[in-house]
Number of protein chains: 4
Amino acid sequence: MRQGVLDAVIGLLMRDGVQGITMDRVAMEAGVAKGTLYVYFKNKEEILDAAVEASFEPLIVELTGIMDADKAPDKRLEDFSRLNLQFFDEQQDLIRILFYDRERIHSEKNRFNDDRYLTLLSKVAEVLNEGVDTGLFAPMDSMKIAAMFIEANMGMVMQRIRDGISGDVEQDARQIISIFMEGLRRKQ
Amino acid sequence: MRQGVLDAVIGLLMRDGVQGITMDRVAMEAGVAKGTLYVYFKNKEEILDAAVEASFEPLIVELTGIMDADKAPDKRLEDFSRLNLQFFDEQQDLIRILFYDRERIHSEKNRFNDDRYLTLLSKVAEVLNEGVDTGLFAPMDSMKIAAMFIEANMGMVMQRIRDGISGDVEQDARQIISIFMEGLRRKQ
Amino acid sequence: MRQGVLDAVIGLLMRDGVQGITMDRVAMEAGVAKGTLYVYFKNKEEILDAAVEASFEPLIVELTGIMDADKAPDKRLEDFSRLNLQFFDEQQDLIRILFYDRERIHSEKNRFNDDRYLTLLSKVAEVLNEGVDTGLFAPMDSMKIAAMFIEANMGMVMQRIRDGISGDVEQDARQIISIFMEGLRRKQ
Amino acid sequence: MRQGVLDAVIGLLMRDGVQGITMDRVAMEAGVAKGTLYVYFKNKEEILDAAVEASFEPLIVELTGIMDADKAPDKRLEDFSRLNLQFFDEQQDLIRILFYDRERIHSEKNRFNDDRYLTLLSKVAEVLNEGVDTGLFAPMDSMKIAAMFIEANMGMVMQRIRDGISGDVEQDARQIISIFMEGLRRKQ
DNA sequence: GATGAATGAGTTTTCATTCAT
DNA sequence: TATGAATGAAAACTCATTCAT
């Protein structure tokens, strides 16, 4: 039931965007009565939050798993990029939710989203630090670089979407890693 | 008058976010009657768009100028990063608007924002292409890299804000450029 | 407009009681759109409070005037009783509101009603004190006696209503005063 | 079970007032399922009525007993006042219920409350009549005076509560009786 | 008897927009 | 131009009641 409602929200979110979400529509889409929504969720905000949470859960879990994997740091970052691109290729409409989500990141109300994002951020920073410790990377302010890395990945995701998912994931993931590993400069 | 209304919207957007914008509040903040808003703007959407346009106009103009400057491509990218960081250091509340704006980028309604963003994106891509042409950069899919670059810059901006604007702009700008130029890998 | 809404509320309150008040009905009765109600009042509670306030305003004003009149204290109390009985004879449906109102008096939310009631209470107590000062009354805890006096008057009002407004006002007012002046005991 | 539900209602009534009563809350407070309430009571109204009935039962029983006691009428009235003050000193939150109850007295639905109140009223009137018959009191419209007496007692109760239960019960009870017996006028 | 999930009609509230002045 | 009172459609939310288990 709860899950059914969340699925309905995700569906509507994908189809009509955040502004298109009304409790009426959610109820209809979920095939329950409007009042039922309030049995499981306190109010609209809570439904939206739960839906966003639910839709990114799998990605977060997998990305976190990757960050903890037993591989070289640069390989893990590459896996991160690959998985990220894949996920949004398949769920590109979720981008819209992501932006909804991101806006909330900086709102005072929603600590949870902050936490989730920040946890991932820290995980990436840890991997960068590992890379520094093992002599793979030069010393850096790892939190800032982690933020850059995540956002750069999202930039690539969005550009792919604008292009209509052109090019394959593998190649774009390597492209990201190549830049972060080697920079843009031509090697002579 | 028109400008006063736009300033009011910006103020509200900064203070309360997109959800906090109502025509009532805009009118009150601008010190005009609600009906007056409709003398200058067709509807709410137009007001929002115009306000976002107005607030990012200076940044866009300057960034565009930088992209067209007569400097080496890598220097121009460095200037881009520096200006970007500076702008958001001074106007960090505008971040909220940015997210509003971003969400709209992917909505079907708002061609303008798309255009503005895409124009900048193209400008950056052009610079990258110039760099490729002059042998400074290796060949690349310049639109994707441009998207990554812009988003990576925003990642840095956001991390700076989360840190409470720690570290100076100059250093962080160089950090971004260093990564995109040289990558993360330790030089032996 | 505001007044029209209040009149509508009073009308509904008299006809259907507090529970029968809905914003829909109020709007319909007042002949305005539902939304208009929210132009003049913040919410339902405020409308109810304002309506109760408005309906007792005349009585309060007159009773206050009587308490300040230039007459002997016992005469003023007699006038109080007479006016009170008269008012509720004419507006007996307001009794219902009064009871609604009284409930609110002791709720934590509604300071205003408290104030209004307490002001009248103090006025009556003052008159009693004057009577004590001039040697007309024996010393007393005037606030408590004032409360008793007001409530005793309301008891009479209610019994008159239960009886179907039997007996004339003049006689019942004198009855009240006679008790408070002379007590129930038979004079030999 | 039934009693547990009634206790729950009383508790809620005391804590949050009439408006705060929902079947949900009653069920939760009583520690039963919502549906169970409908096994023992037909609907919400019946629950409220039964709860009010239950809470005033002890007072009513005792007051009635006092009215039937084998004492002089004025002594019985004094006992009435004393018991009344005591009861509400101990249960002052019940005042709220009383007002709820009073509102209902004048509604068409609730015959029971009316009956209960009117029974007490009649009892008091009977005592007054006895007093008249035995030559203790002057002739009077005993129902009206009974109503005044009861309400005057409630006025004292409420003033005591407003004062924070100042003064002792004994003294205030005597004060009420003194007024009804001798009036306010100074004895020379 | 007891449950509690589900209901949906009814209610309050919001707010972009209009329009007579 | 400027106003601001009025609108009403749409939205959020409440809660007494039912019913299959």
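It should be emphasised that the depicted structure is a prediction, and the values quoted were computed from it without experimental measurement. Residue numbers start from 1 in every chain, and the chains themselves are labelled A, B, ... in the order their sequence lines are given, proteins ahead of strands.
- When the nearest nucleotides of DNA chain F are assigned to A/Thr22 and C/Val39 by heavy-atom distance, the more 5′-ward of the two goes with C/Val39.
- For B/Lys34 and E/dC19, the NZ to P distance is 15 Å, given to the nearest whole Å.
- You won't find any donor-acceptor pair under 3.5 Å spanning the side chain of C/Lys44 and the base of E/dT13, going by distance alone.
- The interatomic distance linking C/Met28 (CE) with E/dG10 (P) rounds to 13 Å, in whole Å.
- Closest-nucleotide positions on DNA chain F for C/Thr36 and A/Arg25 were compared, and the one nearer the 5' end corresponds to C/Thr36.
- Computed from coordinates, the D/Phe41 CZ to E/dA2 P distance equals 12 Å when rounded to whole Å.
- Within 4.0 Å (heavy atoms only), B/Leu37 reaches no atom of the nucleic acid at all.
- As rounded to whole Å, 11 Å separates atom P of F/dA5 from atom CG of B/Asp24.
- Across all strands shown, F/dC15 pairs with E/dG8; the Watson-Crick or G-U wobble distances both stay below 3.5 Å.
- Among F/dT17, E/dT3, F/dA10, the nucleotide with an atom closest to any side-chain atom of D/Val32 is E/dT3.
- For the pair C/Asn43 CG and E/dT11 P, the interatomic distance rounds to 17 Å; values are reported in whole Å.
- Using the Watson-Crick or G-U wobble rule with both distances under 3.5 Å, F/dA20 pairs with E/dT3.
- The only member of D/Lys42, D/Met23, D/Arg2 that meets side-chain contact (heavy atoms from CB on, under 4.5 Å) when paired with D/Ile47 is D/Met23.
- The D/Tyr40 side chain lies nearest to E/dA2 when the options are E/dA16, E/dA2, F/dT3.
- The side chain of B/Tyr38 has E/dT17 as its nearest neighbour among F/dT17, E/dT17, E/dG10.
- Atom NZ of residue B/Lys44 and atom CG of residue B/Leu37 lie 11.5 Å apart, to the nearest 0.5 angstrom.
- Looking only at distances, no side-chain donor or acceptor of A/Arg25 sits under 3.5 Å from a matching main-chain atom of A/Leu12.
- If you measure from atom CE of B/Met1 to atom C1' of F/dT3, you get 11 Å, rounded to the nearest angstrom.
- Taking atom CG of residue A/Leu48 and atom C1' of nucleotide F/dA11, one finds them 14 Å apart after rounding to whole Å.
- Here the side chain of A/Asn43 pairs a donor or acceptor atom with the backbone of A/Glu46 at under 3.5 angstrom.
- When the C1' atom of F/dC15 is taken as reference, atom CG of D/Leu12 falls 15 Å away, rounded to whole Å.
- Proximity note for D/Ala33 (side chain, C-beta onward) versus E/dG4, E/dT12, F/dT7: the nearest is E/dG4.
- Residue D/Gly31 is the one, among B/Lys42 and D/Gly31, whose nearest nucleotide of DNA chain E lies closer to the 5' end (criterion: closest heavy atom).
- At a threshold of 4.0 angstrom between heavy atoms, the contacts of B/Ile21 are confined to the sugar-phosphate backbone, with no base atom among them.
- Side-chain atoms of A/Glu62 and A/Leu59, non-hydrogen and from C-beta on, never get closer than 4.5 Å to each other.
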